[in-house]
Amino acid sequence: MGYWLFKSEPSSFSLEDLMARGAPEPWSGVRNFQARNFMRAMRPGDLGFFYHSSCVEPAIVGEVEVTRAFYPDHTARDPDDHHYDPRAIANPELWSMVDVAFRERYPVPVTLARLKGCPALAGMRLLARGNRLSVLPVTEDEWQIIQGLARAS
DNA sequence: GCCAACGTTGGC
DNA sequence: GCCAACGTTGGC
């Protein structure tokens with residue numbers, strides 16, 4: 001089983017939005033090759049943290065589950081879409097997405113400050129200098145530790 | 001709003 | 001293949 005972290009600005013799409021949807025949602029709009037390749041490595045049943053970025057209190061706010069392996073991100077071929085990429089017209093497979101379903105919303109979010117303050121998470125990719133990827137792998141150890149933090153809140 | 005960090009682009 | 005310029009991300 002794989003563990004991941006999905007990053008989103010809550011002003012555009014939040015965990016609450018996903019929860020309200022009540023159904024799996026495509027994680028579309030990723031236009032970075034590293035992040036795309038991480039999604040291509042995902043399998044149904046994999047779990048992910050949902051991270052709110054660029055907001056008052058950046059934090060892991062809950063969990064999602066990958067419900068569908070990668071398939072073409074059709075929004076790349078939509079000229080009206082904010083993430084339109086003309087290269088995808090000739091190459092529909094260029095960009096990929098997976099489906100994610102709501103799993104859990106933590107009663108108390110695990111804030112970025114809290115993650116940074118946890119020595120055992122020093123190697124976490126989310127905390128790496130200059131990290132900007134919207135999809136990241138999480139190790140099983142990190143997964144367990146952060147779940148522990150969420151429960152200890 | 002600032003700025004550091006990074007990926008991508010394009011000229012050469 | 002190098003590298004400067006540019007756009008974007010994201011914490012603060």
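Just so you know, these numbers come straight off a predicted model, no measurement behind them. Here is the naming used below: chain letters follow the sequence lines, and residue numbers restart at 1 for every chain.
- Contact footprint of chain A on DNA chain B: nucleotides with an atom under 4.0 Å from a non-hydrogen protein atom, first to last in 5' to 3' order, B:dA5 to B:dT9.
- A:Asp17 and A:Ser14 share a side-chain donor-acceptor pair at under 3.5 Å.
- Formation of a donor-acceptor pair under 3.5 Å by the A:Arg31 side chain with backbone atoms of A:His83 is found in this model.
- Residues from residues 120-127 of chain A placing a heavy atom under 4.0 Å of any atom in DNA chain B do not occur.
- With sequence neighbours excluded, no residue satisfies side chain to side chain contact (heavy atoms under 4.5 Å, CB included) with A:Ala128.
- The hydrophobic cluster around A:Trp95 extends to A:Phe33, A:Leu94, counting ILVMFWY residues whose side-chain heavy atoms fall within less than 4.5 Å of a member.
- For residues 19-29 of chain A, the pairs satisfying salt bridge (charged side-chain N to carboxylate O under 4.0 Å, His left out) are A:Arg21-A:Glu25, with sequence neighbours left out.
- Partners of A:Asn131 according to the side chain to side chain contact (heavy atoms under 4.5 Å, CB included) rule, which considers only residues two or more places apart in sequence or in another chain, are A:Lys7, A:Leu126, A:Leu133, A:Leu136.
- Relative ring orientation between A:Phe13 and A:Phe50 is described as tilted, the plane-to-plane angle lying within the 30° to 60° band.
- Atom CZ of A:Arg40 has more than 12 heavy atoms from other residues, nucleotides or ligands within 6.0 Å.
- A:Arg36 comes within contact range of no nucleotide atom at all, as no heavy-atom separation falls under 4.0 Å.
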